[in-house]
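In listed order, ligands and their atoms are each counted from 1. FYI, side chains are in, hydrogens and waters are out, and symmetry mates aren't considered; it's all heavy atoms of this structure.
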Amino acid sequence: MNLCMIGSGYVGLVTGACFADLGNIVHCVDNDKNKIYNLNQGIIPIYEPGLSEMLKKSFKDKRLIFSTDLKKAVTNSDILFICVGTPMKKNSKSANLKYVYKVIRDIRKYIKKFKIIIIKSSIPVTTGDKIEKIIKSKVKRNLFEVVSNPEFLREGEAIRDFRYPDRIIIGTDNKKVSKILFNLYNPIIKKGAKYFITSRRGAELIKYASNAFLATKISYMNEIANLCEKTGVNSEDVSIGIGLDQRIGSRFLRVGPAFGGSCFPKDTRALVANAEKFKVNLSIIKSVIKSNENRRNLLTKRIFNIMSNKLKDKIITFLGVTFKPNTDDMRMSSSQTMIPKLLKKGAIIRYCEPTGKKKEFEKYKKVTFYSNAIKACFKSDLIIIHTEWDEFKSLEFKKIIKKVNFKVFDMRNLYSAEIMKKNKINYFSIGKKPI
Ligand SMILES: NC(=O)c1ccc[n+]([C@@H]2O[C@H](COP(=O)([O-])OP(=O)(O)OC[C@H]3O[C@@H](n4cnc5c(N)ncnc54)[C@H](O)[C@@H]3O)[C@@H](O)[C@H]2O)c1
């Protein structure tokens, strides 16, 4: 089939690359000329394992076209996937839908024969109705169908998630469209993915409700971990013990810093704001948002305590600054809350990040990027293991730091507290009583 991804970010590029890999012709459109220029030169704008090879192969085989020409892409495609961002509004918690609406207004003029318009961007329930209305004002109703097909990929695992998703959610009551989409997704359905058809509004809400549920699970375990610390219980045992109950499941029960990334923080807020429009109070999700904010502050205070509030001129090294490994995404990462607060107290910050230097920290004079963990750690007063990249899992701190009385704050519990104690390292983990 001929497909068009409008918005070539994490979702658009991964979806485009994977559909092209299945033999479809895919037009990846973006209004960022630089991004499209780079893609045509083989320069991939994001870090996602396996994506670069996949994009390059399909590009070479002419199944992938990168372009800013929306008219051509829409005209030559049967199915249009809207994959633009839906960030949080500046002064409110609701989703900013201006990018989605702009694309919708732009594509209207090019719809001359039947198109399926798929909304992959995460949007508040009932947005599809508004989208349909906007198109209908200029295009005959029998020339288009607006479908919600929310995306559930995880950055860092995105290609695997496309190939082997738990489910494909399709929100439409149009049987013909549902059949076309079943055929499009058939190679994946054949491998075991559940194909679930619901109303468009249902699909929209499934996306936000799923993310809010996962965020709740993380915050819940983080709060239980706080109790573990005070009572001498190992939170890892509690996670395992809870997770063995199949009604609960073991995933998303790992203790760590506040959840971040491009989805959970904004989607939980957008869901609350969306519900408020319908006079529904989502008090549980509100508490989760608050709990997560508290966690950012709690772990920052923990750093102050570890350093006995003496941070002036102390070298603090962050191992990883992204919100999780295998992605370069910095959106809402807790490192962005912690680092400015540590700088205010006079600390000198270094960070080692496998996906490279981050523009978010360029404005700070006392923040230095290192591509090498060993160099970053040398002579540090405190190491903060912030992101669980594999390359941070087996560091010999004593050998590489070469300074007496350094401390390690392991926010991901990557190391054994017993071994650290044996090696006489001042080691602090989370969700456990210090040894
Ligand atoms: N990133 C994830 O892990 C993830 C997972 C599931 C769902 N989602 C949702 O998918 C959507 C996209 O997220 P993302 O992370 O890919 O965003 P992104 O910011 O990485 O990419 C969006 C792209 O859209 C482009 N764009 C904006 N306006 C445009 C226009 N008028 N015409 C053409 N291109 C335009 C931007 O230049 C950008 O390249 C969001 O709603 C997000 O919530 C994201």
Side-chain angles (χ1 to χ4, degrees), residues 4-18 27-39 43-49 51 66-74 77 80-89 94-110 117-124 127-128 131 148-162 165-169 203-204 206-212 214-215 259-271 274 322-324 326-333:
C4 171
M5 304 294 142
I6 306 172
S8 300
Y10 285 88
V11 170
L13 276 182
V14 169
T15 312
C18 292
H27 300 256
C28 285
V29 179
D30 207 285
N31 62 354
D32 181 338
K33 285 184 189 148
N34 200 28
K35 192 178 262 190
I36 293 299
Y37 176 81
N38 282 337
L39 281 163
I43 301 164
I44 314 302
I46 55 168
Y47 177 83
E48 183 61 46
L51 180 64
F66 301 114
S67 165
T68 52
D69 189 343
L70 187 64
K71 182 181 180 185
K72 197 169 167 193
V74 170
S77 303
L80 317 176
F81 289 81
I82 314 298
C83 308
V84 296
T86 48
M88 210 162 32
K89 273 190 190 157
S94 48
N96 188 347
L97 299 172
K98 71 175 181 185
Y99 305 102
V100 173
Y101 290 142
K102 162 107 181 53
V103 169
I104 294 300
R105 280 193 299 272
D106 287 348
I107 60 173
R108 285 185 305 192
K109 44 189 179 282
Y110 309 130
I117 299 156
I118 295 201
I119 314 298
K120 271 238 163 265
S121 302
S122 308
I123 47 169
T127 306
I131 291 173
S148 168
N149 169 213
E151 183 52 62
F152 297 99
L153 64 78
R154 293 162 299 168
E155 287 175 16
E157 313 261 357
I159 289 171
R160 200 208 150 273
D161 285 349
F162 180 93
D166 292 332
R167 79 290 209 200
I168 296 156
I169 304 286
E204 290 168 344
I206 285 169
K207 172 63 194 175
Y208 273 165
S210 298
N211 273 4
L214 293 172
F259 61 74
S262 68
C263 293
F264 290 0
K266 81 170 173 67
D267 289 353
T268 43
R269 285 169 175 80
L271 179 57
N274 186 203
T322 51
F323 79 102
K324 67 171 182 178
N326 298 319
T327 181
D328 56 353
D329 202 336
M330 283 294 289
R331 289 177 278 188
M332 297 300 277
S333 173

By ring pair (Phe, Tyr, Trp, His ring centres under 6.0 Å) - contacts of Phe152 (at least two apart): none
For [atom], closest protein heavy-atom neighbour:
atom	answer
atom 25 (C) of ligand 1	Asp30 OD2, 3.2 Å
atom 21 (O) of ligand 1	Gly9 CA, 3.2 Å
atom 30 (C) of ligand 1	Asn31 ND2, 3.3 Å

4.0 Å heavy-atom contact, Lys207 with ligand 1: yes
Could you tell me whether Arg331 approaches ligand 1 through its side chain, its backbone, both or neither, with non-hydrogen atoms closer than 4.0 Å? side chain
Answer with side chain, backbone, both or neither: which part of Val103 has a heavy atom less than 4.0 angstrom from an atom of ligand 1? side chain
The criterion is side-chain hydrogen bond (donor to acceptor under 3.5 Å, both in side chains); which residues satisfy it with Arg154, sequence neighbours excluded? Asp161
Contact atoms of ligand 1, heavy-atom distance to [X] under 4.0 Å:
X	answer
Ser121	10 (O), 11 (C), 41 (O)
Glu155	1 (N), 2 (C), 3 (O)
Lys266	42 (C), 43 (O)
Thr86	40 (C), 41 (O), 43 (O)

Any N or O on Lys120 sitting closer than 3.5 Å to an N or O of ligand 1? no
Taking the side chain as every heavy atom from C-beta outward, state whether Met332 and Lys266 have any pair of such atoms under 4.5 Å apart. no
